[in-house]
Amino acid sequence: MLDIRLLAQDPETFAARLARRGKGIDLEPVFALDRRRRELIQRSDELRHRKGKAEEAMKTADKKGPDFAAFRDEMRTVANEIKVLEESLKVVEAELDERALYLPNLPDDAVPEGASADENPVVRVWGEKPVFDFEPLEHDRLGEKTGLLDFERAVKITGARFTVYRGGAARLERALINFMLEQHTTAHGYTEILPPFMVNATSMQGTGQFPKFREEAFEMEKDGFFLVPTAEVPVTNLHRDEILDGKRLPVRYAAYTPCFRREAGSYGKDTRGLIRQHQFNKVELVQFTTPEDSARAHEELTGHAEKILQLLGLHYRVVDLCAGDLGNAAARTYDLEVWLPGQNAYREISSCSNFRDFQSRRAAIRFRAEAGKKPQLVHTLNGSGLAIGRTVVAVLENYQTADGRVRIPEVLRPFMRGDAFIEPESAEMI
RNA sequence: GGAGAGGUGGCCGAGCGGCCGAAGGCGCUUGACUCGAAAUCAAGUGUGGGGCAACUCACCGUGGGUUCGAAUCCCACCCUCUCCGCCA
C-alpha cells in the first residue's frame, strides 16, 4: 500500500512514477475520497468534543432537574449526528482502503524502462552452457523414461499440474531442500523458520496477495484459511502488528514450504513437466531492514540465491525486471534465470524483490531506531533461494548422461547417500 | 466435539456506568548520588487519526447494542487456558 498522505502532497510525481508500469492509473478518486475522509473526521471530532464537555457538566448536575433533561435530549441528538457521520466515514474509508489496496507499488528509480519481459536487461551471467555429445532431453521426457517422474498417475490421484516423484528424484528434491536451508542458515546467517502452510486472509492482505490476486489462492472455504502461495506470506506476517527493536535489524529468515497456486489464466502455458505446478516446494529468503539498508540487502539477498546455483554448478543469468514486468508489490526485482539445455532456454528459478514499505504499511511492521523515537516502517525483501522443483529440472537437464543417468553435483552428495549418480527406476515399476 | 475460566499499555496486574488512556509493580530513558557500577531517590515513558500550531479525537480481543455517558452492562464472533472425549 502507498502512503495516501504523501501521495496527496505530490500527486504529479506519484502518477508519473506509477505510469512507468505502463498501465493508466487514475489517482483522482483516491484523492477525492481522502479529502472527504478528513472533512468527516473534522466534523465528527468537533461534535464529539462538544459532547464531551457537556457530559462533564452533566456528571455533577442535578439529575432530576429540568436542565438535565434538556441537556440530555440535546446530547441524544448530537450522539445521533455523530453516528451518522461515523457511518459515512466508514463507507468512505472502506472505499478508500479498497482503492488504495489495489494500487501497485512505486517502481524504484533504478528500475529500467520497458514494457514487458522482453526488455529486461541482463545484468550478469555466471558460468557457461554445458556441452553435450548427445541430444539432451527435456526433464519431463527424461523423467518419464527413467521412471523418476510420474505425471500420468498424478493426474489420476489428483489432477493436472501435479507430479509424483519416485526414487532418486524424490531423494533429489529432499536433498535440495536440506542443502539450501543448510547453506542459508550457516554461511548466509539466516534463521530457519518452519511456518504453517495455511494462513488467514489478513496475512494474505499483509503481503499484497489480497485483495487483487484472490483468484490465485487455494481456499479452505469452511475454515477461512488459504494454502500458502509462497513462504513469503507466513514469514513476512510473522512480525505483522509489531514494533521491532532497531538493533535487531536486519532480521533474516529462511523457510521451506510447499507452495500452492491455482495458476488461473495460465491454461496452455508450460503444461508439460515440472515448470508450472499447482503444488511445488520452495526455500524462501525473507529480510526485514531499515529503509536505508534495503537496497544493499537486496543485492545481498540476490547474491545468496545466486550462491546456490553457483554451488550446484548451474549456468544462469540475472535480469533486472523492467517497469512493465515488475510485480504489483515490488519496487525492484532481480530474476535469476537458469539455463535448461533440454528446453534450450533460460527459465526463471528465483525472483528477488525489495518491497520497501509497501508490505510493511499493509501489515504494520515497524521498528524503533532508538528508545523514545517514533516507530517507523521497516522495509521487507524476499527471494526464492531457490524454487526446488525448477532446480530439479535444472539438475536433471544439465547433468543427464548419455546412458540415461543423472550425475549428482558434488555439494548434494552428502545429502544423497554419497551417491555420484541418480539411477533410473527399475522398468517393471514404471 | 462437551464443560468451565479468561482476553486491559513492552511485560505482570488493578479497575463502584461518569473523577479511567487507564492505579500499582517490573522494564526502559534521563537526571542525582558514586572514581565507576550496583542499590537508592526524582522525573519521564502506548499507538494511530485530524490540525500550520495551540490543541483535539479515537483505541482496554473484534463487531454490534443499551445509555446523555461503557474498559465497566447486554448480544454475537474470534482467540487463549484448564478438564473430558477423539486423534497423528
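Sequence lines set the chain letters: A, B, ... in the order given, protein chains first and strands last, and positions in each chain run from 1.
- Within the 3.5 Å criterion, the main-chain N or O of A/F225 finds no donor-acceptor partner in the side chain of A/D223.
- Screening residues 174-183 of chain A for side chain to side chain donor-acceptor pair (under 3.5 Å), with sequence neighbours left out, gives A/Q183-A/H188.
- Side-chain atoms of A/N120 come within 3.5 Å of backbone atoms of A/C322 as a donor-acceptor pair (strictly under, hydrogens ignored).
- Partners of A/P291 by side-chain contact (heavy atoms from CB on, under 4.5 Å), not counting sequence neighbours, listed by chain and number: A/F367, A/Q376, A/H379.
- Screening residues 151-162 of chain A for side chain to side chain donor-acceptor pair (under 3.5 Å) gives A/D150-A/R153 as the qualifying pairs, with residues at least two apart or on separate chains.
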Please produce a list of atom pairs where a protein N or O lies less than 3.5 Å from an N or O of nucleotides 70-77 of chain B.
none

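- Closest to the side chain of A/A79, from the set B/G48, B/G69, B/G50, is B/G69.
- Annotation: A/F197 is not in aromatic contact with A/F260 [ring centroid separation under 6.0 Å not met].
- A salt bridge links A/R252 with A/E300: the distance from a Lys NZ or Arg NE/NH1/NH2 to an Asp or Glu carboxylate oxygen falls below 4.0 Å.
- Applying the 3.5 Å distance criterion, the base of B/G49 shares a donor-acceptor pair with the side chain of A/D45.
- For residues 405-422 of chain A, the pairs satisfying side chain to side chain donor-acceptor pair (under 3.5 Å) are A/D403-A/R405, A/R405-A/E423, A/E410-A/R413, with sequence neighbours left out.
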Give RNA chain B the dot-bracket treatment, 5' to 3': Watson-Crick (N1-N3 with N6-O4 or O6-N4) or G-U (N1-O2, O6-N3) under 3.5 Å, [ ] crossing, | other strand. ((((((((.[[[..)..(.....]]]((((((.......))))))(((((....))))).[[[[[..)....]]]]])))))))....
